There are 2 protein chains.
Amino acid sequence: MTTQQKLIDSARYLIQTRGYNGFSYADVADQVQVRKASIHHHFPAKADLARAVVDESRAQIEQHARALAEAGVNPQQQLLTYTRYWEKCIADASAPFCVAGMLAAEMPTLPSDLADAVRAHFRSLTNWLEAVLSTGSQLGVFQLRHSVRQEAEAFMAMVYGAMLVARAYATPTTFADIVDLAFKRLLAK
Amino acid sequence: MTTQQKLIDSARYLIQTRGYNGFSYADVADQVQVRKASIHHHFPAKADLARAVVDESRAQIEQHARALAEAGVNPQQQLLTYTRYWEKCIADASAPFCVAGMLAAEMPTLPSDLADAVRAHFRSLTNWLEAVLSTGSQLGVFQLRHSVRQEAEAFMAMVYGAMLVARAYATPTTFADIVDLAFKRLLAK
DNA sequence: GGTTGCCAGCCTACTAGTAGGTAGACACGA
DNA sequence: TCGTGTCTACCTACTAGTAGGCTGGCAACC
């Protein structure tokens with residue numbers, strides 16, 4: 001793996017656990033075993049590094065979403081893949097929080113270009129959720145009581161809120177419990 | 001108002017907007033117009049100041065909850081008072097985020113005694129929500145499809161998630177939209 | 001009623017340490 | 001030989017926290 005990729009991975013982990021204002025180039029240098037100056041060579045400013053993390057995350061989500069759709073996976077299974085992914089990440093502490101969620105909380109302190117990247121990530125996720133919910137609704141597997149956009153935003157809020165509550169209580173199962181309820185509500189007649 | 005109270009109020013605002021790792025004694029000193037050393041006189045360490053903020057917030061919530069219950073306000077109106085409070089705070093940007101929510105995101109970086117205070121805040125809020133939902137369910141105004149605890153945690157997750165999404169999009173109405181949906185779901189037959 | 005002593009509150013001036021960021025030299029492969 | 005990547009050494013600005021001194025009010029005692 002290239003040093004650049006290692007730097008991004010390290011920054012992702014640090015943002016997930018400590019947030020943008022909670023980590024420094026010194027932390028990244030320590031993890032990747034290079035000097036601080038080497039990080040500046042790849043990412044001149046801290047915001048550049050963080051933006052690379054967010055952009056990569058968004059690209060991965062979009063790629064996974066495309067792959068699922070092209071494979072003809074049904075809507076409820078697509079949604080379940082998404083929630084199961086976070087359940088696993090939180091349970092084994094490999095990624096205890098979504099990067100964009102963490103950065104969203106810190107929004108007022110972020111440089112504007114990084115804030116733009118975060119918004120783009122949320123927009124991308126909302127669009128995908130809308131598409132999945134819409135298709136599922138047409139197929140009759142999801143029972144939407146409000147507009148697709150509202151249902152998508154509510155589901156997203158539930159997922160991010162569940163991460164927050166699970167982190168506050170330090171009980172990973174709390175996340176699964178809450179998301180499970182959100183899922184059942186969509187399926188309920 | 002005492003200097004001590006001014007310091008707490010200033011710290012609350014700064015935590016809500018920037019988070020624990022995003023503000024410094026210099027920021028507080030600037031807002032309250034005292035020297036940094038004076039803050040240390042009242043709150044020896046940064047964590048002491050933050051803990052005072054969280055403890056005061058929890059006490060206020062508990063006091064309000066008691067007042068509402070003693071006034072004989074019905075459950076749906078009690079819940080509405082809570083959500084309306086945040087709607088207003090977010091709309092006029094007077095308090096664009098819950099202190100405990102912000103600190104929950106930063107949990108892994110907080111000193112343990114401050115983390116304890118944050119957990120206590122969440123526990124207190126969950127307990128109140130459980131009580132309100134439980135009473136409302138017995139009166140037949142709330143339709144709970146799962147355990148009271150699960151429904152309480154899900155509602156809380158929705159509220160905090162809505163704050164996060166609203167902050168990401170910088171659109172205060174998003175919060176009201178999402179919470180409105182959560183509320184209607186509780187009332188739905 | 002003075003005088004004395006105490007103390008909360010606030011200050012200036014400082015410490016040690018960390019933040020993000022830069023300059024310039026060196027190694028190495030195309 | 002040029003570009004890329006890495007390094008050491010350094011910078012300025014800022015962090016939380018400390019040391020020690022000043023002030024003005026309150027209480028106790030003669």
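What you see is a predicted model, and the numbers here were worked out from it, not measured in a lab. Residue numbering restarts at 1 for every chain, and letters A, B, ... go by the order of the sequence lines. Reckoned from all heavy atoms, side chains included, excluding hydrogens, waters and symmetry mates.
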Taken to the nearest 0.5 Å, the spacing of N74(A) CG from L139(A) CG works out to 8.5 Å
Readout for nucleotides 9-26 of chain D: B = base within 4.0 Å of protein heavy atom, S = sugar-phosphate only, - = neither; 5' to 3' it is ------SBBBB-------
Going by the angle between their ring planes, with limits at 30° and 60°, are H40(B) and Y25(B) parallel, tilted or perpendicular? tilted
Worksheet item: Under the 3.5 angstrom rule, does the side chain of Q143(A) hit a backbone N or O of G140(A) as a donor-acceptor pair?
Response: yes
- Message: Looking at H41(B), I'd like to know whether one of its side-chain N or O atoms comes within less than 4.0 Å of OP1 or OP2 on dC10(C).
- Response: no
| message | Keeping Y160(A) on the side-chain end and M163(B) on the backbone end, is there a donor-acceptor pair under 3.5 Å? | response | no
* Asked: Using a cut-off of less than 4.0 Å, is there contact between a side-chain N or O of S38(B) and OP1 or OP2 of dC11(C)?
  -> yes
- Task: Could you check R185(A) against E151(B) for salt bridge (charged side-chain N to carboxylate O under 4.0 Å, His left out), going step by step and ending with a plain yes or no?
- Result: CA-CA 11 Å; R185(A) 272 190 188 150; E151(B) 293 273 1; 2.8 Å; yes
Below 4.0 angstrom from OP1 or OP2 of dG5(D), is there any side-chain N or O of T3(A)?
no
Would you say a side-chain N or O of R35(A) is under 4.0 Å from OP1 or OP2 of dT6(D)?
no
To the nearest angstrom, the NE2-C1' distance between H42(A) and dC7(D) comes to 12 Å
So, with a heavy-atom separation below 4.0 Å from DNA chain D, the residues of residues 106-114 of chain A are none
Exercise. Please check if any side-chain donor atom of Q5(A) sits under 3.5 Å from a side-chain acceptor atom of D9(A), or the reverse.
Key: yes
Within the side chain of S10(B), is there an N or O that forms a donor-acceptor pair under 3.5 Å with the backbone of K6(B)?
no
task: Measure up the Y169(B) and F122(A) rings against each other and bin them: parallel (under 30°), tilted (30 to 60°), perpendicular (over 60°).
output: perpendicular
Whole-Å distance, K6(B) NZ to dG9(C) C1', equals 13 Å
